[in-house]
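Here is the structure we will look at.
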Amino acid sequence: VLSQDEVYQYLAALPDKDYADVVFRAESSRQQRVIEAFAEELPPHADRDAAARWLARQHLAVDPGIAEIYYLLAAPDDEIRFVEVNRLLPIPAPQDCRFDFVDFALDVDSLDYSLSVIDMTGEQWQNVVKGVLALPEGWSFEPHSVFRREA
Amino acid sequence: VNRQQAAFYRQSVSDWRLFQELRNRSTREACHELHYLQMATEKLAKAFLWGTRTPPRQTHASLVQFFRRIATSRRARDALQFTGQEQLATWIRAALPLAYTIERLAPDLAGDGPNAEYPWPRDMPETAPVDYDFAMMRELGNARGRQFIELVGRLLMTFESWA
């Protein structure tokens, strides 16, 4: 696997036409992942775990800033809770060391769950695990499962 | 659309008009165009977010969240006349890198880096936005940038039918 610097040097040295081809093919491949993620239909009456997996796949496909998604399992039956670790978003320290969540206002066919999301950096997530920062009242980071970008 | 949404929407439309006027001037200054683009998109995002259970906070950071939510919205898909959700999602996928960059144009999110309003770095300002060569301007001139502007324009025109 090439390092980012090696990829950069390789691309910078390519003739213009070859560069355009490479960028176009890479972008097409990424777009294809989005198309596949969004073309996959959610089965009717999918359980919460299946719905969470389906939503996480779409979020990871569409947003290059999301590194991983923590799916928090301790939640009301009709709510999916995600912590989305983002490597591009400027995320200030939360007020009083406690994060707020946002309602994702889902508007999706055959989905019977609400989605609540907290964006944070990887370092902030580590601080949540250590107890330095807190999730909203009534939230717990354990137990959780994690969704990551496909290689 | 509630009153808070309507207020943010009207301001967004006004900022967007000014952004378009600045783009059509014979003498263009990047910082002003980008400032109004950032303002218009931030207020569009907040107009949408005021319609959810968790209204936006004071922070400027809302645009990326907004686009992520729109990607899965049936109403937005229909209002923008996309045939499938994946078609809208690919547009959002193309728009998000620009949204991340625009989000960082606001001074409170730019840190000591370039922003569209105030000289930087904060402690010892030496570079004025008006003198700075924003790479974002070239992005907005290419196919992806034009698509981004079209997407925002279409979202503004159809706001009441999807928000």
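The chains referred to below are lettered A, B, ... by the order of the sequence lines, with proteins before strands, and numbering in each begins at 1.
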Heavy-atom distance under 4.5 Å to chain B: side chain of [X], backbone, both or neither?
X: A:Asp119; answer: side chain
X: A:Glu84; answer: side chain
X: A:Gln58; answer: side chain
X: A:Leu106; answer: side chain
X: A:Ala61; answer: backbone

>> Counting only non-hydrogen atoms closer than 4.5 Å, can you tell me which residues of residues 5-27 of chain A sit against chain B?
In response: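 Result: A:Glu27.
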
Winner by heavy-atom pair count (cut-off under 4.5 Å) against chain B, out of [options]:
options: A:Val102, A:Asp100, A:Asn86; answer: A:Val102
options: A:Leu55, A:Leu115, A:Val34, A:Asp109; answer: A:Asp109
options: A:Ile91, A:Ile66, A:Leu111, A:Leu88; answer: A:Leu88

> Do you know which two heavy atoms are closest between A:Gly65 and B:Tyr100, and how far apart they sit?
Replying inline: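 What the structure gives for the nearest pair is CA-OH, 3.3 Å.
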
> Would a 4.5 Å heavy-atom cut-off, applied to side chains only, mark B:Thr72 and A:Phe38 as touching?
Replying inline: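 When only atoms from C-beta onward are counted, A:Phe38 and B:Thr72 do touch, with a gap below 4.5 Å.
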
>> Contact between B:Gln65 and A:Val117 at the side-chain level, heavy atoms closer than 4.5 Å - yes or no?
In response: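 The answer is no; the side chains never approach within 4.5 Å.
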
>> Between B:Arg68 (side chain only) and A:Val62 (backbone N and O only), is there a donor and an acceptor less than 3.5 Å apart?
In response: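 Side chain of B:Arg68 to backbone of A:Val62: no pair is present.
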
> Does any N or O in the side chain of B:Thr54 come within less than 3.5 Å of the main-chain N or O of A:Asp103, such that one atom is a donor and the other an acceptor?
Replying inline: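 Side chain of B:Thr54 to backbone of A:Asp103: a pair is present.
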
> Pick from B:Arg74, B:Arg69, B:Arg77: which one makes a side-chain hydrogen bond (donor to acceptor under 3.5 Å, both in side chains) with A:Asp107?
Replying inline: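 Testing each of B:Arg74, B:Arg69, B:Arg77 against A:Asp107, the sole residue satisfying side-chain hydrogen bond (donor to acceptor under 3.5 Å, both in side chains) is B:Arg74.
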
> In chain order, what residues pass the side-chain contact (heavy atoms from CB on, under 4.5 Å) check against A:Ala134, with sequence neighbours excluded?
Replying inline: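 A:Ala134 satisfies side-chain contact (heavy atoms from CB on, under 4.5 Å) with A:Arg98 once adjacent residues are dropped.
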
[atom1]/[X]: more than 12 non-hydrogen atoms of other groups inside 6.0 Å:
X: A:Glu123; atom1: CD; value: no
X: B:Phe159; atom1: CZ; value: yes
X: B:Arg154; atom1: CZ; value: yes
X: A:Glu142; atom1: CD; value: yes
X: A:Asp77; atom1: CG; value: no

> Can you hop from B:Leu98 to B:Tyr36 via hydrophobic side chains spaced under 4.5 Å?
Replying inline: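 Per the 4.5 Å side-chain linkage, B:Leu98 and B:Tyr36 are co-clustered.
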
> What part of B:Arg104 lies closer than 4.5 angstrom to a heavy atom of chain A: side chain, backbone, both or neither?
Replying inline: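 B:Arg104 touches chain A through side-chain heavy atoms alone.
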
